[in-house]
Amino acid sequence: MAQRSEPAGFDQVFVLGLNHRGHPRGARFSVLKDSIVSAAMDMNCRILIRQPADVTALASKLPLGYVLGTGKTVRLLIPRIGFDLYSQILEVSRVASIDEETSIAAAFSMTVH
């Protein structure tokens, strides 16, 4: 089962990690499935799901990843990417995470008297 096209109007799954030689790799998947997330975790990759617009815009530059196999056990083919893109995506997602935590803390402090 190789994924080739992406349906419009839904959340993508972005996978980032380093291969055994320390080279960055990354891919985007158009289907959120437990098997994809599980395989990415087994590969020690970072999984980004339902990201803010700025993260999604940058991560959309990632190539499509391929899913090999069916059922619960699958293998992922995640191509190598440039270090600049890899570090930019991680930095933007880290900043977005901090912003989200800050806004949640601010909302919480406003509701607690």
Side-chain angles (χ1 to χ4, degrees):
M1 169 178 129
Q3 170 189 346
R4 297 205 184 262
S5 64
E6 47 184 279
F10 68 96
D11 293 325
Q12 290 193 16
V13 179
F14 305 106
V15 177
L16 294 167
L18 299 173
N19 67 12
H20 63 283
R21 293 186 179 165
H23 297 128
R25 58 185 175 177
R28 58 190 162 94
F29 295 90
S30 59
V31 179
L32 175 58
K33 290 187 177 182
D34 290 340
S35 58
I36 293 174
V37 173
S38 178
M41 290 174 62
D42 289 344
M43 297 170 69
N44 293 323
C45 290
R46 185 174 301 220
I47 301 111
L48 304 174
I49 304 169
R50 292 185 184 93
Q51 294 297 304
D54 52 345
V55 177
T56 301
L58 189 57
S60 292
K61 295 178 181 179
L62 292 171
L64 279 175
Y66 293 94
V67 179
L68 301 175
T70 59
K72 289 189 174 189
T73 305
V74 298
R75 280 189 55 214
L76 301 180
L77 290 179
I78 302 174
R80 282 180 54 179
I81 59 172
F83 184 76
D84 290 339
L85 180 60
Y86 175 77
S87 60
Q88 288 173 354
I89 294 171
L90 289 181
E91 179 64 23
V92 170
S93 72
R94 185 182 67 81
V95 169
S97 175
I98 292 170
D99 289 346
E100 182 182 11
E101 290 173 6
T102 304
S103 64
I104 290 172
F108 183 70
S109 67
M110 294 176 80
T111 59
V112 176
H113 297 291

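Throughout, numbering of the chain's residues begins at 1 and tracks the sequence.
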* Asked: When you look at L48 and Q12, which way does the side-chain contact (heavy atoms from CB on, under 4.5 Å) test go after all the steps?
  -> CA-CA 8 Å; L48 304 174; Q12 290 193 16; over 6 Å; no

* Return the minimal non-hydrogen interatomic distance between P79 and A27, and the atom names on each side. => CD-CB, 4.0 Å

Donor-acceptor pairs are to be reported for all side-chain atoms of residues 13-21 against protein atoms at under 3.5 Å, with residues two or more places apart or in another chain.
from: N19; atom 1: OD1; to: R21; atom 2: N; distance (Å): 2.9
from: N19; atom 1: OD1; to: G22; atom 2: N; distance (Å): 3.0
from: N19; atom 1: OD1; to: H23; atom 2: N; distance (Å): 2.8

* Test item: T56 side-chain N/O and P52 main-chain N/O as donor-acceptor pair under 3.5 Å -> yes

List, one per line, each side-chain donor-acceptor pair under 3.5 Å for residues 82-90, sequence neighbours excluded.
from: S87; atom 1: OG; to: F83; atom 2: O; distance (Å): 3.1
from: S87; atom 1: OG; to: D84; atom 2: O; distance (Å): 3.1

* side-chain contact (heavy atoms from CB on, under 4.5 Å) involving M41 - partner list, sequence neighbours excluded -> V37, I47

* Mind checking whether Q51 and S93 have side chains closer than 4.5 Å, heavy atoms only? -> yes

* To do: Please lay out, stage by stage, how R75 and L77 fare under the test side-chain contact (heavy atoms from CB on, under 4.5 Å).
  => CA-CA 7 Å; R75 280 189 55 214; L77 290 179; 4.3 Å; yes

* To do: May I ask you to test the V67-L76 pair for a side-chain heavy-atom distance under 4.5 Å?
  => yes

* **Residues S38, K33; criterion side-chain contact (heavy atoms from CB on, under 4.5 Å); working and verdict** => CA-CA 9 Å; S38 178; K33 290 187 177 182; over 6 Å; no

* Output the distance between atom CZ (R28) and atom CD1 (I78), rounded to the nearest 0.5 Å. => 13.5 Å

* Over all atoms of both residues, closest heavy-atom pair of Y66 and F29 -> N-CE2, 3.7 Å

